[in-house]
Amino acid sequence: MSSTNSYLHQLNDVQRQAVTAINGPVLVVAGPGSGKTRVLTYRVAHLIEEGIPPWDILTLTFTNKAAREMKERIQQVVGQRADRVWAGTFHSIFARILRVEAAHLGYPSNFTIYDSDDSASVIRAIIKEMNLSTEDYNVNAIRARISSAKSNLIPPARYAQDQELMQADLLNKRPHLQKVYEKYVARCKRAGAMDFDDLLYRMFELLHTNPEGVREKYQQRFRYVMVDEFQDTNHLQYEIVKKLVNYEGSPRNICVVGDDAQSIYAFRGATIQNILDFEQDFKKYNIQVYKLEQNYRSTSHIVQAANEVITNNRKQIPKSIWSDKGDGERIRVLKALSDTEEGKRIVDAILEQKNRHHLRNRDIAILYRTNAQSRIFEEYLRRYNISYRVFGGLSFYQRKEVKDILAYFRLAVNAKDEEALRRVINLPRRGIGNSSVEKISLEADAQNVPMWDLLPRVSLTGRTRTAIDGFIHLIENFRQQAATTNAYQAAIYIAKQSGLVDSLKEDTTVEGMGRVENVNSLLDGIKEFVENQADEEPGTDTSLAAYIQSISLLTDQDEQLQDEEYITLMSVHSAKGLEFSSVFVVGMEEKLFPSFMAMDTPEGLDEERRLFYVAITRAEAFLTLSYSASRYRYGQMRYNEPSRFLNEVDLTHVEMAGGMGSTTIMPGMEPDFDRRSAQTPTSGVSGNFKRKTPANQLMADPKTFKPSPSDQIQTGMKVLHLKFGEGKVLAIDGGRDNRVATIFFQGSDTPERRIMLKFAKLQIL
DNA sequence: CTGCACATGTTTTTT
DNA sequence: ACATGTGCAG
């Protein structure tokens, strides 16, 4: 039956093998644009067609969007049965299970999920209460360290015994970090709250301690497990997966799909070691490995450039991505003198492309290393009247006014939630100031009870006492509402009675009105939630608690957009998994891309390079890279050198057109503010590139290497190149600002190379 | 307790 | 540049 199924004919040989190998462990290494999602979804569809009950299948992804798309695509093949598959993010699936099993862990089933801001706030309070120096105890650094400890399965007690960790903290002048960690965990617990890491950690704990045989329950439940973006999993996630599938007598029907070259989240604990470990761990169970190497997304120049770039990394799973879509356009490189000029040139180029190639806005993306870079492009896009959308930055749910009202909702659902309590106990002002809150907090800590429980009996008098009693009454009232009416009714009630909306309305500035607007759209969203839930199946949960749960794992990225026509502006990180006809990767400069934070270590640099790899492989047909000689950073003008990554792209893939500003735009559209930036337009395209070199062939010692100024380099000189070693300059040609040297490097497989002197690092010998 | 001036710390961030 | 947090005077 299944062999005649049409979906199998939509796959190439390797893809089909990966889809139909349903028994035993499978590792799929999937290059960019190689049909990874297709394989994953068809594999699930295939399982169902083969008679596996959908509810036996678990697919874990990283984003809600990926999970949703997968469900939709499975549905297209197998229809409604797709709804019964367990498809979701690690966090959402585990949260769902943890709500059911919460009692085993000493948690209420309506536990709150703390986001990163909540976590930071808890840590900040602990540092303050312990009277630790806020200078040495940087909140974000501590949060990262706690997160990393949890991700590596090191609870506070084990942390205390770990000499290496304790020693490192001591050296960083944070000897009490372990104590902060311990308190943090205790506080989350007593607040009935789990942070993002807890959703994983507690899941592991549940399977590990195995109360009343829950482990076996889920092992039998999930007989087929799949993991997407496996290169992004951290140690803890892999340990959970192993608990689920790697046990005595297990069929070990586990399929992981990933690409080591696209691992860009090492900074938060993701490790490609998991891919290597997976191969080892399942070796004896007849593991099958498939490599998807055909790229269906991009033309050859782009794919080959990507291949070249990534070979500069020290470690990787060998693979060769190829495309049969033809050479396509060469990669363009734009140079600008300032960040403003970069903005203008990019937007000019966008206009030109739109005209010449009839691209729609949605075909185009501007990708950058840091979100702060978006502003200048926004400015020009606005001026040119091109619609765009910026992704990333503050999410809707992170806005203050939204968080404030959500805090009331959270409190109505779980009164133990201390972060929510701190947020709203004096909002709007009701005369319960910092010192009172501090007192309650310290007392709660001493007695190890939630702050909420202490409110009635904490020794405060007079006005404050009255205010607190009023607050208790208010929240009790809200709890009542939340328990008896649906989410929308309760939300409206709370918004009014809390006084929050009224106090927001007092601010009649544009921003103030925007905040009221945001609260209103939140309320609209809740209304929609109630209606949708009611539509689903009669009897589904439309409570405020259910609403809070549904949004606490959502981000802005999940927002479904109509097919509006806009240009996409986002960080390279956010662009992973997406594709566009035309991609502009901007800010290709040292210290920016690669980031100065990651430049010092080889591992950091490799990750930046993978990030660049991700960036360029987003492009289907047109790829433009740009850099600027200077830009503002933290309010200060900085001068930057072009990114070393530009050097790693072979010249053959780059458009060398000397086209001086060939980016003419339609007459009459030239904005006059251009005159304000008194910059002369630079001559068109340029770049600094090298020819193909084998990776890891350092022929000069980087420690003693000192590049000479490029304008001193003349014909006949002996020079040293970092990668190619010693060479002789045979000739120099090109314009004054664009000199290209032909250099003969002895012993290289392609001894004669043409190198752009402007940036190439050469030392005169 | 509240409001304002000053100081501080800035990569990326699926959840 | 800019937002967010802390300290101090009223």
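So that the names make sense, note that chain A is the first sequence line, chain B the second, and so on, each numbered from 1. Owing to the predicted nature of the structure, the values given are computational and were not obtained by experimental measurement.
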Nearest to the side chain of A/T370 - B/dT13, B/dT15, B/dT11?
B/dT11
Tell me which nucleotide among B/dT13, B/dT11, B/dG3 gets nearest to the side chain of A/Y634.
B/dT11
Taking CZ from A/R633 and P from C/dA1, how many angstroms apart are they, rounded to a whole number?
15 Å
If you pin A/G433 and A/E608 to their nearest nucleotides in DNA chain B, which one's is more 5'?
A/G433
Output the rounded distance in Å from CG (A/L60) to P (B/dT15).
14 Å
For B/dT10 and A/N138 - does any side-chain N or O of the residue sit under 4.0 Å from the phosphate oxygens OP1/OP2?
yes
Under 4.0 Å between any heavy atoms, over every strand shown, what does A/I432 touch: base, sugar-phosphate, or nothing? Just pick one.
sugar-phosphate
Heavy atoms under 4.0 Å, any strand shown: does A/Y265 hit a base, just sugar-phosphate, or nothing?
base
Any side-chain N or O of A/R429 below 4.0 angstrom from OP1/OP2 of B/dG3?
yes
Would you indicate which nucleotide in B/dT14, B/dT2, B/dT13 comes nearest to any side-chain atom of A/N371?
B/dT13
Would you call A/E378-A/R375 a salt bridge at under 4.0 Å N-O?
no
Picking from B/dT13, B/dT15, B/dT2, which would you name as closest to the side chain of A/S571?
B/dT13
Taking the side chain of A/R124 as heavy atoms from C-beta outward, which of B/dT12, C/dG5, B/dT15 is closest to it?
C/dG5
A/S436 has a side chain; which of C/dG5, B/dC1, B/dT15 sits nearest to it?
B/dC1
A/E607 and A/R610 ion-paired at < 4.0 Å:
yes
Can you measure A/N140 atom CG to C/dG5 atom P for me and round it to whole angstrom units?
11 Å
When the distance from NZ of A/K150 to P of B/dT15 is rounded to whole Å, what number comes out?
18 Å
Which nucleotide, C/dG5, B/dT11, B/dT13, lies nearest any side-chain atom of A/S574?
B/dT13
Nearest to the side chain of A/F196, heavy atoms from C-beta on, is which of B/dC1, B/dT14, B/dT15?
B/dT15
Interatomic distance, A/R375 CZ vs B/dT10 P [rounded to whole Å]
20 Å
Along DNA chain B (nearest heavy atom to each residue), the more 5'-positioned of A/S435 and A/V572
A/S435
To the nearest Å, give me how far apart CD (A/Q237) and C1' (B/dT14) are.
10 Å
So that I can tick it off, tell me whether A/E342 and A/R631 are bridged by a salt bridge, with the cut-off set at under 4.0 angstrom between side-chain N and carboxylate O.
yes
Looking at A/N426, does any N or O in its side chain come under 4.0 Å of the phosphate oxygens OP1/OP2 on B/dT2?
yes
Of the listed B/dT15, B/dT14, B/dT13, the closest approach to the A/F267 side chain comes from B/dT13
Determine whether the aromatic ring centres of A/F278 and A/F230 lie less than 6.0 Å apart.
yes
Rounded distance in Å - CG (A/D117) to C1' (C/dA3)
13 Å
Hey, is A/D502 close enough to A/K505 for a salt bridge, meaning N to O under 4.0 Å?
no
Spacing of A/L553 atom CG relative to B/dT15 atom P, expressed in whole Å
8 Å
Using a heavy-atom cut-off of 4.0 Å across all strands, would you classify A/N434 as base, sugar-phosphate, or nothing?
sugar-phosphate
Can you say whether a donor on the side chain of A/S595 sits under 3.5 Å from an acceptor on the base of B/dT11, or the other way round?
yes
May I ask you to say whether A/K344 pairs ionically with A/E341, meaning some side-chain N is under 4.0 Å from a carboxylate O?
no
